[in-house]
Amino acid sequence: MNTKQALKIYKKQIEKIKAYTLVLDTTSFDRLTIAPKDGSTYRNKMISIINGELFELQTDKEFVEAVLYLCSQDLGEVMNREIALAKKAMEDQLKFTKEEAMTFSMALMEGNDAWRKAKSASKYALFETQLLKLIDLSKQRAAKRDPKKKAYDLLLDDYEEGMNQKKYDEFFKLIKTELLPLIKKIDRKKNYIDNSFLYKYYPAEKQAIFMEKIMKYLNFDPSWGYMGLTEHPFTNGLSRNDVRVTTHYYEHDISAAIFSLVHECGHAFYEHQVDPKFDNYLYIKQMSSGIHESQSRFFENYLARRESFFALLYPELQKLFPENLKDVTLEQFVKAVNESHCSLIRTRADELTYPIHILIRYELEKDIFAGKADLKNLDKEWNKKYKKYLGVEVKKDSEGILQDVHWSDASFGYFPTYALGSAIGAQIFKKMSEDLDVDKLLSTGKFKVITDYLKKNIQKYAALYNYETILKMASGEDFNPRYYIDYLKEKYQKLYDID
Ligand code: ZN
């Protein structure tokens, strides 16, 4: 085999892999949004067959040989990285048989189906068996992939290259020591900020009209982006010019859909703004979760929770809901969407308490994979942590262990990337504020200048570099969680008039 032959084999095979992936991604979007639940048995079986075919493509003998050959060649920066990522993924896959791959994909779908049923009935017992099976499978798979490495370290690295428990422990220690005291102080000032008007009645049809206005403001364009509805909002980048986001309307909480839509649009722009030259690659387009969350949380918090973001949008919202908002000023509205208190639901938590929700999940996952958790009482362990850190009582499983989708498809190790992404976002925001007049751009509707900045400094690279390198290039410094801590402290001390 020579380089030319190997590259030809590689490129031909990844085109096929991408075709199968597109089919699976489209089916997955369909499954999570509009597909009737009674079709799931048939659907899951067919999807797992396609997954089996995909597995055969990924572990094809000739393809494996080509990757191994190319690993030893110097193919230039982009292709070297692509092949290194391909080799890593391939080595993992080769530890399993096709049947094992299919069984695992089936378990993920069954887990997700069970979770959905359990959540709507608010009964953990309906999900427990599936969850324990997924934990067990994930442990077995991790041991097979790398018996020398701790299972949870392996999973953390899957979602953010280079991360492990040691690094996260340090990061969360900082969050605990620096933020918990402030959170407690603010929680004692309950009702200091009036946000009751956010929870009046906001019919979904009218919320949808406002979502259109937000998408227009963000330049989330229907020529490449689509918004659907789902229980648990997500983004699915089928390709650079076919990016799907979802949101969920709560008729007694106007802020939920707004911030989840803006969050998902942050993911969507990242998928859309990757350098077009990477269209012919596979692995380089698979961005890590930490940096992905840095973009979504950047949109959601560092941009959308500012007064300037709503300067043009808020009058539109008032026009749509005069019965709820005509006497509420822009300043009051923005204060209300930044109100902080200890609560039960992660996705609806404010910026300050949010990382504590993540800390709780991180500690639980760590215990689960270290064999220290009481697996028979995971729901109770969950509730205990909420009581310990946030002082809140979980009364319904749907507001406790069942609230998040992640464990239902074995995404163990994903949660910490939300907090990491927030911290990366703070560092990017600091640099962006030095380079651009962010408030002026937001208040005059020049959102494109901001997305162009993100494209140029971060998004175009996709997975060409890891988050540490991209952040260093974008901000001129190594990752420093201090920016995140300082941002939150400054913002909330001011908001709550605390020294
Ligand atoms: Zn996200």
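Hydrogens, waters and symmetry mates play no part in the numbers below; they use all other heavy atoms, side chains included.
The shortest heavy-atom contact between Tyr249 and Ala257 is CD2-CB, 3.7 Å. For the residue pair Tyr283 and Ala463, the shortest heavy atom distance occurs at O-CB, 4.2 Å. For the pair Tyr152 and Pro416, the tightest heavy-atom approach, listed with the atom from each and the gap, is OH-CG, 3.8 Å. When all heavy atoms of Val67 and Ile83 are compared, the pair lying nearest together is O-CG2, 3.9 Å. Tyr159 approaches Ala410 most closely through the heavy-atom pair OH-O, 4.2 Å. Considering all non-hydrogen atoms of both residues, Val243 and Arg240 come closest at CG2-O, 3.7 Å.
The ring of Phe447 has its center closer than 6.0 angstrom to the ring center of Phe299. Between His267 and His272, the distance from one ring center to the other does not fall under 6.0 angstrom. Phe429 has its ring centre no less than 6.0 Å from the ring centre of Tyr483.
Taken from CG in Asn219 to NZ in Lys446, the straight-line distance is 12.5 Å, to the nearest 0.5 Å. Separating the CG atom in Leu7 from the CG atom in Leu70 is a distance of 5.0 Å, to the nearest 0.5 Å. Residue Ser308 holds its OG atom at 5.5 Å from CZ of Arg306, rounded to the nearest 0.5 Å. We find the OG-CZ distance between Ser294 and Phe298 to be 8.5 Å, quoted to the nearest 0.5 Å. Here OG1 of Thr177 is found 12.5 Å from CZ of Phe172. Values are rounded to the nearest 0.5 Å. Atoms CD and NZ, from Gln459 and Lys455 in turn, are 9.0 Å apart once rounded to the nearest 0.5 Å.
The aromatic rings of His406 and His232 stand perpendicular to each other, their planes meeting at an angle above 60°, with 30° marking the opposite boundary. The aromatic rings of Tyr250 and His248 sit tilted, their planes meeting at an angle between 30° and 60°. Taking the six-membered ring where tryptophan is involved, the planes of Tyr217 and Phe309 are perpendicular, since the angle between them exceeds 60° and thus also 30°. Ring geometry, Phe412 versus Trp407: the interplanar angle falls from 30° to 60°, so the pair is classed tilted.
With salt bridges taken as basic N to acidic carboxylate O contacts below 4.0 Å, one links Asp452 and Lys448. Salt-bridge formation is not detected for the pair Asp221/Lys216: no Lys NZ or Arg NE/NH1/NH2 atom is positioned less than 4.0 Å from an Asp or Glu carboxylate oxygen. Note on Glu161 versus Arg81: salt bridge recorded, some NZ/NE/NH1/NH2 to OD/OE distance being below 4.0 Å. Using a 4.0 Å cut-off between a side-chain N of Lys or Arg and a carboxylate O of Asp or Glu, Glu399 and Arg348 do not qualify as a salt bridge. Checked for salt-bridge contact, Lys456 and Asp275 miss the test: no charged N lies under 4.0 Å from a carboxylate O. Of the charged side-chain nitrogens involved, at least one lies within less than 4.0 Å of a carboxylate oxygen, so that Asp242 and Arg244 count as a salt-bridged pair. Salt bridge annotation for Glu231-Lys119: present, with a cationic side-chain nitrogen under 4.0 angstrom from a carboxylate oxygen. In this structure, Arg43 does not pair ionically with Asp30, as no charged nitrogen and carboxylate oxygen lie closer than 4.0 Å. In summary, Lys206 and Glu212 do not engage in a salt bridge, as defined by a charged side-chain N under 4.0 Å from a carboxylate O. In this structure, Lys88 pairs ionically with Asp157, as a charged nitrogen and a carboxylate oxygen lie closer than 4.0 Å. Taking 4.0 Å as the cut-off between side-chain N and carboxylate O, Arg305 and Glu300 count as a salt-bridged pair. Ionic pairing of Lys285 and Asp279 is present here: one or more N-O contacts between side-chain nitrogen and carboxylate oxygen are shorter than 4.0 angstrom. Using a 4.0 Å cut-off between charged side-chain N and carboxylate O, Asp435 and Lys431 make a salt bridge. Contact check on Lys494 versus Glu490 returns no salt bridge, with no Lys/Arg side-chain nitrogen under 4.0 Å from an Asp/Glu carboxylate oxygen. Ion pairing between Glu323 and Lys200 fails under the 4.0 Å rule for side-chain N and carboxylate O. Salt bridge Arg482/Glu178: present, at least one basic N to carboxylate O contact under 4.0 Å.
Using a 3.5 Å distance cut-off with no hydrogens or angles, the side chains of Tyr467 and His292 do not pair a donor with an acceptor. At a cut-off of 3.5 Å, with distance as the only test, a side-chain donor of Arg346 or Tyr354 sits close to an acceptor on the other residue. Between Glu264 and Thr235, the side chains place a donor N or O and an acceptor N or O closer than 3.5 Å (distance only, hydrogens not considered). Side-chain contact check for Lys491 and Asn338: at least one donor-acceptor pair (N or O, by modelled atom type) lies under 3.5 Å. Thr247 and Ser260 are linked by a side-chain donor-acceptor pair at a separation below 3.5 angstrom, with hydrogens and angles left out of the test. No side-chain donor-acceptor contact under 3.5 Å links Gln427 and Glu477. For the residue pair Asn241 / Ser239, no side-chain donor-acceptor distance below 3.5 Å is found, with atom types taken as modelled. With 3.5 Å as the limit, one finds no donor-acceptor pair spanning the side chains of Glu307 and Tyr314. Defined by atom type and a distance below 3.5 Å, a donor-acceptor pair is missing between the side-chain atoms of Tyr414 and Glu160.
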After noting the C-alpha distance and the side-chain angles of Arg361 and Glu365, does the key distance pass the salt bridge (charged side-chain N to carboxylate O under 4.0 Å, His left out) rule? CA-CA 6 Å; Arg361 286 154 178 78; Glu365 288 187 342; over 6 Å; no

Assess whether salt bridge (charged side-chain N to carboxylate O under 4.0 Å, His left out) is satisfied between Lys366 and Asp169, documenting all intermediate values. CA-CA 10 Å; Lys366 242 172 73 166; Asp169 280 347; 2.8 Å; yes

Please test Glu15 against Lys12 for salt bridge (charged side-chain N to carboxylate O under 4.0 Å, His left out), starting from the C-alpha separation and ending with a verdict. CA-CA 5 Å; Glu15 284 300 294; Lys12 199 173 157 204; over 6 Å; no

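For the ring-ring contact (aromatic ring centres under 6.0 Å, His included) with Phe321, the qualifying choice from Tyr201, Tyr202, Phe333, Phe210 is Tyr202, the only one to do so.
Between the side chain of Asn466 and the backbone N or O of Thr469, at least one donor-acceptor pair lies under 3.5 Å. Without hydrogens or angle criteria, Gln332 side chain to Thr329 main chain gives a donor-acceptor distance under 3.5 Å. Counting only distance, with no hydrogens or angles, the side chain of Asp409 and the backbone of Gly111 share no donor-acceptor pair below 3.5 Å. In terms of modelled atom types and a separation under 3.5 Å, the side chain of Asp74 and the main chain of Gly76 share a donor-acceptor contact. In this structure, Lys16 contributes its side chain and Leu57 its backbone to no donor-acceptor pair below 3.5 Å. Formation of a donor-acceptor pair under 3.5 Å by the Asp187 side chain with backbone atoms of Cys342 is found in this model. One N or O on the side chain of Ser443 and one on the backbone of Lys440 form a donor-acceptor pair closer than 3.5 Å. Side-chain atoms of Thr230 never come within 3.5 Å of backbone atoms of Pro233 as a donor-acceptor pair (strictly under, hydrogens ignored). With hydrogens and angles ignored, the 3.5 Å screen pairs a side-chain donor or acceptor of Gln273 with a backbone N or O of Thr451. Formation of a donor-acceptor pair under 3.5 Å by the Gln295 side chain with backbone atoms of Tyr270 is not found in this model.
Every residue two or more places apart in sequence or in another chain was checked for a salt bridge (charged side-chain N to carboxylate O under 4.0 Å, His left out) with Glu170, and none qualifies.
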